[in-house]
Structure formats: C-alpha cells, structure tokens
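Proteins get letters first, then strands, A, B, ... in listed order; numbering begins at 1 in each. Keep in mind that the numbers below use all heavy atoms, side chains included, and drop hydrogens, waters and symmetry copies. What you are looking at is a predicted structure, and each value in this text was computed from that prediction instead of being measured.
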Protein chains: 2
Amino acid sequence: MTRFAQYLPILDWGRRYDRAALGADLLAAVIVTIMLIPQSLAYALLAGLPPEAGIYASIAPILLYAIFGTSRALAVGPVAVVSLLTASAVGQVADQGTAGYAVAALTLAALSGAFLLLLGVFRLGFLANFLSHPVIAGFITASGILIAVSQLKHVLGVEAQGHTLIEIGGSLLAHLGDANLPTLVIGVTATAFLFWVRKGLKPALGRIGLPPLAADIATKAGPVAAVVVTTLAVWELELEAQGVAVVGAVPQGLPPLTLPSFAPDLIAALALPAILISIIGFVESISVAQTLAAKKRQRIDPNQELIGLGAANLGAAFSGGYPVTGGFARSVVNDDAGARTPAAGAFTAVGLAVAAMALTPLVFHLPTATLAATIIVAVLGLIDLTILHKTWNYSRADFTAVAATIALTLLLGVEVGVASGVVISVLLHLYKTSRPHVAEVGRVTGTEHFRNVLRHEVDTDPRVVTLRVDESLYFVNARFLEDLIQSRVTAGSQIRHVVLMFSAVNEVDYSALESLEAINARLRDMGVGLHLSEVKGPVMDRLKRSHLIENLNGRVFLSQHDAWTALTDRTRRQPSRMES
Amino acid sequence: MTRFAQYLPILDWGRRYDRAALGADLLAAVIVTIMLIPQSLAYALLAGLPPEAGIYASIAPILLYAIFGTSRALAVGPVAVVSLLTASAVGQVADQGTAGYAVAALTLAALSGAFLLLLGVFRLGFLANFLSHPVIAGFITASGILIAVSQLKHVLGVEAQGHTLIEIGGSLLAHLGDANLPTLVIGVTATAFLFWVRKGLKPALGRIGLPPLAADIATKAGPVAAVVVTTLAVWELELEAQGVAVVGAVPQGLPPLTLPSFAPDLIAALALPAILISIIGFVESISVAQTLAAKKRQRIDPNQELIGLGAANLGAAFSGGYPVTGGFARSVVNDDAGARTPAAGAFTAVGLAVAAMALTPLVFHLPTATLAATIIVAVLGLIDLTILHKTWNYSRADFTAVAATIALTLLLGVEVGVASGVVISVLLHLYKTSRPHVAEVGRVTGTEHFRNVLRHEVDTDPRVVTLRVDESLYFVNARFLEDLIQSRVTAGSQIRHVVLMFSAVNEVDYSALESLEAINARLRDMGVGLHLSEVKGPVMDRLKRSHLIENLNGRVFLSQHDAWTALTDRTRRQPSRMES
C-alpha cells in the first residue's frame, strides 16, 4: 500500500467493490435512513439547533468518513452525548435560536475537525487514553441522566434552562404549573410506546416467530411510527392551537454551503470544548468501530480514524451541521442490516439528501414532545449505574473515579465533570504507584525460588535483606524506596547487605536513579552493601549510562540465586570480621 | 514510644541529654550563629523585607523545629529559593516597603505552616514526590540564576523590578546609566572576595596545614569579614553621602509578637503560592535531613518532619518572620561543627536573639551591595547546568522535564515554571507508560526459559503467539494492548492462541480489565483462544473478583512453560481441525 493510499482507505475497498456488496450496502442504507430521519431531528433539538441541522450533519460527514475512515460499518452523524456537549459549549457563547448560535455550532465542528485531523496526522491518538473507562462510563451515565431530564421540558410543554441537574430540575419544578396538557399526553404516550417497543415488542415479535433481524428492524422503526402517528394527531386535531409545540417549517433542499466563524474570541472560547468533544467523540467512535471490526477479523487504524472523523467534522462545519461522531446505535443497525463497505454510508447520505429535499414539509406538524420522547428512550440505554457496583467490587480507586465523575457531571455540568474525572484518575494512578508493593523475600529451602517472607516458609539471613520491588521506579515512588530502605536498615543492626530484586522493575527514571544513588551513598556511610539482581535488559542499558553501577557499593547479580549464594557465603566465611 | 511522644521527638532525645552533647551543641551553635547573622539579613533583602525579618525568622522557627523535628542536625530558617518565592508571591498582592507587604509575608508563612501541619497529621508527605528530581534540579538552577540577576541591582546601585529573566534584565539595562560608582566598587570587590574565599581560600588553608574543619569555618566566616570591612569603609569614608545604600536603622530587641492577616481575599491570593513554597521547602529540607541522618544511621520520619516544619513556619508567622525551611548550607555547617541534638539549634536561636538585642546598631552602615554579594556567591552554588547534560545522557524524557522547567522558570517566573515542570513530568510519565514494551517471546530450545524472539534464537509455533507485557496495565495503555493484539492477530491467519505473559504486570485496573474483556470477546469472535500465564498473586486475586477469568476463552497457566507445553501439544494433536 502506498503512502498516499494509506490515507485514503477508499482506494483499498473501492477497487474490489462488486454487485454483491452493492446489494448488501443498498439494503443497509435504506434501513439506516429510515431510522436516522427522526433521530437526526431529535438530536438537533437536543443541541439547541433547528431540526434541519441534524439532517445536514448526517449527509456530508457520512460521505467524507466513507472516503477517509477505516471502519466498514461505522455510521457517522449526530449522537446524544456530543449533542449535549454542543448545547453546553455553544450555550456559553450565544443564545439559542440566534444566528450566532448556529455559527458557533459550525465553528465548534470546524475546531473539532481540525483538532482530530491534527491528532491523526501527528499520530497522537493515544491522548484519548487519558480518559479511563470508569471516567467514560461515569460520564456517559451522568450525561444520559442530564439529557433525559433536560428533555422533560418538551414532554411537559414548559420552558426550562440549565446545564446541571440542580439548575434543570429547579427550572422544571418552577414551571411545573405551566404544563400543557395535550403536550403532556403526547409526550407521555410516545415515551411509553417507545419504551414498550424497546423492551416488550422485540421479544414479542421473536415469540411469534419473526426472525431476529426483522424483529430488530421493526423495533428500530418504532420512532418512525411514533412520529407519523403523533404528527397526524396534531394535524387532525389542530392541537397547535391548544399550545402543542411542533417542529414547524423546515427548509427544503440540499445542505447549504456554510462558513464557520474565524473570530479569535469565539475560537478561544470554543477551543477547550472542541478538544473535549473531539476526544469523547473519538473514544465512543473507536470503541464501536473496533467491536464491529473484530467480528470480521478486520483492523481499525486509530490514527486513520482520527483523520476520518476530522474530515467528517469539517464537512459538518461547511454544510450547516454541528459536531458529529460514529454513533453506537446507527452503526450497529448498519452492521446488522448487512452493510459491507463504507459505500452503505454514502447511500445513506443520498437517502437523507432525498429526505431533506422532499420530506421536510411532512414534519411541520411533528410535535417536539415526540422527538423528546425518542431522545429520552434512547439515552435511557446509556444510563448504566451498575458500573458503580462493578468497580466497587474490583477496585476502590476505579470506583472513586466513576462516582466522582458521575457526581461532578450532574452537579457542575458536563465539561467540569469530565475534566475532573481525567484529573482524578491520573492522581489516583500516581497515588497507587507512589506506594509500590515491596516484598522482603527469602529462599524457598532447597530451591532457586525466592518468595515473600510473610507468605512462605523461607530461608533468611539476618545479615542479608532482599527486597523485591513490584513496580517501575519513577519520581512519584522514588523517595518511598529511600524511606523504606532507611527504616529497614536502621531497624536491624546486623544487616550487612541489601539486595534489590528488580525482576518487575520496567523503568528507572532519573529521579529514581538519583534515589538509588542516594540509597547507595547512605548505605555506604552505614557500612552496608547495596546489590542489584535480575535487572532487565533495557533498564540495565540505561543504568550503565549513569555512574550508579560503577559507584555501586556492591554487585549486580544476574539472578537472585547468585546474589543469595554469594552474599550468604561471604558473610558466613567472615564471622570474625563481622563480630569485631 | 507512646502515641504522644511520637509527635514530640524532643521527649526522646531530651531524656538522654548529657554534658558531652551540651559541649558539642554549644560549639556548633556559636559557629552557626556567626554565619547566620549576615545570611539572615541578606535573605530578608532578597524577600523584599526589612533586614530584621531575616533574624526573626531564624529564632522562633529554630526553637519549634527543635521540639517537633526528627533531624538532629537540620538548621531551619530563611533560605534563598524560599525567599525568592516569597518575594514573587507577596509582590503580587502588596508593594515592597509597605506594612501590607510584611503582613502578607506573615500570612504566607502561616498558610504554609498550616498546610505543612495538615500534610503531616494526615500523613500526606508523599505528595512532595510529585516534584521529580529533574524538575527540582531545573527549578533550583533557574531560581539561582534569577536570584543572582535580581541582586545585580544592589551591586550596581540602581532600581530594577521584575519576576522573569527578561523583565529583570531589561529593567537593569534600562537603568544601567544610573549606576552608582562607590556602590559598584563595594559590590564587585565583595563579590570577588567572597568568590575567592569559596574557591581559593579553603584549598590554600588546607595546603598550609589547617585542619579541614578549621579551614571550613574560616571560609564560612568570609561573609562576616566582608560585612565588617565594607561597613567600616562606608562609615569611615561617609559613602552614604555619595549614594551608597545601607541597611540603616534596625530595631533592637527580641522578635515581636505579630499576627498574620485572616482576610479571605489575601488568603485566597496566597493559598497556591503557600502550597508551592511548602512543598519546595519540604523537599529541600528532607533531602538535607536524610543525607545527614544516614551518616549516623539515624532515621528521619517524613511525616513528622512536615509537623516540625509546619510548627516552624507558624512560629515565623507569629514572630515577625516569613516562610522558612531546613537550609542546606547552615545544616551542613551545623553538622560539621559537631551538633549532636536539636539543642544546638536552640542555642543558635539564643545567639541570634542576643544579636537582635545587642548587635543591630552595628549594621546601620552595612551596604546592601555587600549583602547582595553574599547572596550572589551563595546562589552560584545552586546553579548546576550539568543536570542538562546528565539527563540528556540518561533519558530524553527527563531531559525534557529539566529543560522545560529551567526555560519556563526563567521566562515566565518561578510559580509558572515549577507548576509546568510538575505537569510536564506527569504527562511524560503517562506518555512513556502509554506505549509499554511488549515482547513476543519464544522458548529457548531445550529449556523452560522464554525470551524475545527478536533478540534470541527461540522455538516458536505459528499457531501460538506469546506476548510478554513489560508494564502494569492501566487506562493510559489499556487500548494500546487492544490495538497491538488486534493487528498482530489479523496479520497472522494461522494464529489459534494468544498467550499474555504477565510476569511484569503489577496492576490491572478497571480500564485494563475491560480492555482484556474486549480482547477476549474479539478473539473469541475470530476463533482464537486467549490465555494468561505467570499472573502475580495480587493481580490474580483482583481478576477473580471480575468475570474475566470465568469467561476467558482459554486458560490461566501458572508458568509460561505450562502454557507452551499445553498449547503447542494441543494444536499439534489437532492438525485436521486446524486445516478444515
């Protein structure tokens, strides 16, 4: 594969495209298009944008991802969490409904696209790893709760603002008296219906003998049914006159050519949110892509994925959209429906373009309560509080990261929540490695094995202390080892030799090197030898570039057994000198 | 030792105090007192405070440290770097020379004392480890340069302000024309003399047969000689009339009782600098204390040291001082002069109290240029640019941390410099562990040893891939392993088994657990087995609390040899199934 083709995966699969793949891709595209129409409108509503923005954000981005992306089944477009993050970021610089709001959303997509491209070109995809799984899980769950609560205003037909659980909840309670009865009926009915479709319909269809794929498609068509029925109800009963909010006029036509703003103030205000959206979007997207690819033994290139998503977001910025990423639900449907290549995505884009040109008048009477219902039911699937229980069982540190991320996201908003989550998980990691497990070991009698003296019956020698260090040595734990050795040696006045067993030490950074030098100097002052055993190749290579080894007040042994034999023999042979 | 006595080390050594210790401590106290008088005045000048503040900061703090500290030889008081940090922090909230400036310095000491006590009581001393050695070395070197440059204004007799190299240097150049000739003569002569005392006198005294200790004391008395001679010169020649700045009137008497401010605004502004000063002071102090203690096989308790230094800083806050810590130079002199217990410090405090009551009129005519000269010569000893070369040889990551800390401290000031240093070293650590060393291993023919296939001649089997992971698995590198295994397995279509050899894996956090579960699920989808070998006890205990082991699409082997034997045998026995 040439360097050029590496950046254009389409050249790879496009060359081998055939009629069978075309048929499979076309079928998948029809199914996904039907599913995406109400979803796109709903997520635009969540992002605070006019409904057409959701459709536009699903057209150019899908096409661009099909050219640059490496996943065969990933479907790119608006998703719930990114829509919420967009509303939060853009809401800080412009008022919803103004022209500035839409331009800010385009700018956010452009910044996000540029940042993703940059990460991809410089192969910096590993930065996404700073988001630990507990932080992501906590964040997604808390976002799901925030989204569901924020949509209640459409179900109730009231005004409510805010970016935290307390703000939104308080605002809802304050306006509860203004609730609009017809809206409430539509909203609650639609929610209940969609919830039943998701939980009750699929098993029921399965029981009456429908094949799983058909049952699944029927389930995914639930939102379409809700949209059609409630739209007809509003139109027939003229419910708008009774205060039911509807989508209203949506322009007919292909996505317009739009320009993001290049105003430095706006870019400065949106830069951090754009980075956050990029990384969260990338993490969500790559997880989906890898899961789907593994089933077919395909490979996803994370850095090329960054380029694909970057191009998709730039496409959104120049065609009236807002930030997008690879969505879980739509990708799974695409895959289940048999999509074989990214061409399925391109056909979906065509389908949505047709919808944008022909179908928009049909949604005039669509009540926003129905769209809110589809969002609420969709995000309920994101909320997974069992992660609290799972991490509690596995590790208190991970539990702390999850719980803090959930609490801070709900109470202080999405941006503070996820940023705190990252900081907390890094600090917890540093704290854990700051007190490494160090075992004093002795020889299992008659063998060459050395085991923890506290757990096993082993041979020891009061003049030789062997410490097995079960962690890489670096600045955060360097001093710990200094303190540990100093207190161990001052406690045992018979000690003549300290052996550090380095079998699990994968790195010794410069701070740890200086600590080892300090330990060496201090032990020399005390008349105690310092020895190393089982040092790994790369660690030894590096230590040899310092003065530690040449100044070592002792020896380096290849194996702990060699160290034990040499040191216990030597001390045994010199009892007179020992006691003098 | 009772719980109570643990917090009062004085009860331990005080009980066994005798006449021999008294004699040794008294002699050390006399020597240290003579050295500290000019040094205390000079550091107060550096901190932007009146000269007596330096003396006061050496009295109560020493007494309190003697009660609460664990080091026998540590001498607590003003030091160069902490004085610079004080000037930087207090200069941001008050103008030098005002009453508000002195109160802010007291408040900074109080906050620092409270923070240190808090860390000590909650045993959080490990937080100091976040400052890596390269960051400390870079910071101290850059601070030394900043201090030396900032004192040039006193040597030149001009005004100059600023907190960065460019600000100070630019300000000096702008005022160069105003230089005062007599001041310049005094400043340059004193600097040259002190530099010669340090570099030339000690070896010369050694050559004429003086014992090292006496030569050392003579050297340390250099500043006193410079002070006496230049003071007499100013007085005799009436140089003040020619524009030579002098110390002037210093109040006579014991340290006053002072109160820090409790204004919330001031506390908010000084909180972060106080934390920074506390941690840097603690790191400097504990390094000195541990080095001195090791020679006598004594133990330093880091958390009790925090309490000792916290008490010392609170003492400074209530007795007209400013933030203090254990100083390197004074502690080494104290130790060399034979100090045996913290009582030597108490006697030094008495000596300084006498000086504060009786000797202050004598420094009226002392030129500030001489004090600046003593500071410049003292801090030149702090500047160590060889750290750049040493870290370059050892590790590029550590070099980056040093170079960035030096550059940012010089260009953006002390606070930004050290904070960036900490962030950079944490990020570099995370980056390094984000791409762990993973070796594909094979069996050394005829043995039970397994080695890297790239470095050794080993037996391999195209159906079994064994990867030795040389790093703990946690969120930063979890996805790396996912990608690595996916690309390795998709590249080799014959692969039936993947074995992960966990001998150097000291931890598997929840993110890594989920990655292992994802790897397991994906390998199952590909029809490939996932096996673990040589999992450590604590790691296995934790994995058993998850569902990974019960769902594992393969086995857990105690040793890699068991894994090799079982998997290569099994695949050999089933060739027909393999090829079907």
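For the residue pair Y474(B) / T433(A), no side-chain donor-acceptor distance below 3.5 Å is found, with atom types taken as modelled.
Ranked by heavy-atom pairs under 4.5 Å with chain B, the first of H429(A), E514(A), E471(A), R545(A) is H429(A).
Contacts between T391(B) and chain A at a heavy-atom distance below 4.5 Å involve backbone atoms as well as side-chain atoms. The contact between I387(A) and chain B is made entirely by side chain atoms (from C-beta outward), counting heavy-atom distances below 4.5 Å. Contacts between K544(A) and chain B at a heavy-atom distance below 4.5 Å are absent for every atom of the residue. For V135(A), no part lies near chain B; criterion is any non-hydrogen pair under 4.5 Å. Residue I519(B) does not touch chain A at all, counting heavy-atom pairs closer than 4.5 Å. If you measure heavy-atom distances from S434(A) to chain B, the contacts under 4.5 Å come from the side chain alone. Of the atoms belonging to V469(A), not a single heavy atom falls under 4.5 Å from chain B. In this structure, chain A has heavy atoms under 4.5 Å from both the backbone and the side chain of V426(B). Both the backbone and the side chain of L543(A) come within less than 4.5 Å of a heavy atom in chain B. In this structure, the portion of P302(B) lying under 4.5 Å from any heavy atom of chain A is its side chain and not its backbone. For a residue to count as touching a neighbouring chain, one of its non-hydrogen atoms must lie under 4.5 Å from one of that chain's; by this rule S515(A) touches chain B with backbone and side chain alike.
What you find for S472(B) and N506(A) is that their closest heavy atoms are N-ND2, 4.4 Å.
In this structure, the side chain of T405(A) does not engage the main chain of F139(A) through any donor-acceptor pair within 3.5 Å. Side chain of N553(A) to backbone of V528(A): a donor-acceptor contact under 3.5 angstrom is found.
Counting heavy atoms of neighbouring residues, nucleotides and ligands inside a 6.0 Å radius, atom CZ of R396(B) exceeds 12 of them.
Ion pairing of R522(A) with E482(A) is present here, as a side-chain N (NZ or NE/NH1/NH2) and a carboxylate O approach within less than 4.0 Å.
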